Amino acid sequence: MKVAVVGATGLVGGVMFEVLREHDFPITELLPVASERSVGKQLDYRGKSYTVVSMQAAVDARCDVAIFSAGGSTSLEWAPKFAAVGTTVIDNSSAWRMDPDKKLVVPEVNAAALTATDRIIANPNCSTIQLVVALAPLHEAFKIKRLVISTYQSFTGTGVKAVRQYETERGGGTSEDPAYHYPIFANCIPHCDVFLENDYTKEEMKLVHETRKILNDPSIAITATAVRVPVDGGHSESVNIEFERPFTIEAVRELLEAVPGLVVQDDPKQNIYPMPLMAKHRDEVFVGRLRRDESIDNGLNMWVVSDNLRKGAATNAVQIAEYLLQHGLIGTAVTA
Ligand code: 2RA
């Protein structure tokens, strides 16, 4: 497969190469793609040096697949150009996620919706991906009526600038080019992305809209609070669910344990529960602290953790590419 990695020099781009290598994705030709200022740089992949190329050069190369992690504006401008030459784009930005004509895919949940004519496929937001991996089997079994989600999101979700701010502050310094309005070291900031007219942040509304789209159920009532925390191993989420139908904890546990890529870590008596420290560099979604919400009928609480740069971004995108390849949906000579 001829593969372009767009945003190759970014934080997620670097993890993308790690995941492609670990998954042994069948690459015959690799094109690292970045902004003009990085064109010509050399990047190593599996012991071989590759030259960073421009967006236009990657379009002209007519790749089979282009995996984007380059921000929404770049994706809005360039994804259609790749698609027009028959390249399948898997995009990590929010640009296409809520487009009614684009699929928003978490392979464990809804990959079956993909077809050979899908030329721009949206990778959901990291906090949505880990959430719906856990919710999907429960929604099918007990129908979710309402969700209340609080997230504890790694500063790595904001990118290199935030990592630099955290490391400067951890060393006792003050960042000259901070990613956040306030210090992130030894702090929690209830502000991920920008505030909207309804006083929620974009990050919180992504959870609302994307979850409904992926589960294909606009009736689910959802509210969220997204918090940035000084943690680098992954995103954590406290999830409160009200189901339409009764459930048992045993049935919930059994359903979750049957999900590929989901690990139940839940034994409070042995202090067993998911933590970002243990999730870092892993591809799985970890679920624990399963317990009935005794304040309502059919209520469940759970705790969901995953590495936001891997399953929350790079791994999910590579898994979409693997699904397309395994089902003969990549490289089909269908141009848009
Ligand atoms: C964040 N979800 O954590 C966003 C970016 N992927 O900031």
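Side chains included, hydrogens not; waters and symmetry mates left out as well; all remaining heavy atoms used. This one's a predicted model, so the numbers in the text were calculated from it and none came from an experiment. Counting from 1, the numbers follow the sequence of the chain as shown. Read the numbers this way: they start at 1 and go in the same order the structure lists the ligands and their atoms.
For Asp177 and Arg164, the salt-bridge test fails: no basic side-chain N is under 4.0 Å from an acidic carboxylate O.
Taking a heavy-atom cut-off of under 4.0 Å, ligand 1 is surrounded by Asn125, Cys126, Gln153, Gly157, Thr158, Glu203, Arg228, His235.
Ring pair Tyr166/Phe155 is parallel by interplanar angle, where below 30° counts as parallel and above 60° as perpendicular. Classification of the Phe243-Phe247 ring pair by plane angle, with boundaries at 30° and 60°, yields perpendicular.
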Discussion item. Before you tell me yes or no, could you show the steps for His23 and Glu322 under side-chain hydrogen bond (donor to acceptor under 3.5 Å, both in side chains), namely the whole-Å CA-CA distance, both residues' side-chain angles and the distance that decides it to 0.1 Å?
Written reply: CA-CA 9 Å; His23 286 226; Glu322 288 170 333; 2.8 Å; yes
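Under the salt bridge (Lys or Arg N to Asp or Glu O under 4.0 Å) criterion, Asp217 pairs with Lys143, sequence neighbours left out.
Side-chain contact check for Asn92 and Asn123: at least one donor-acceptor pair (N or O, by modelled atom type) lies under 3.5 Å.
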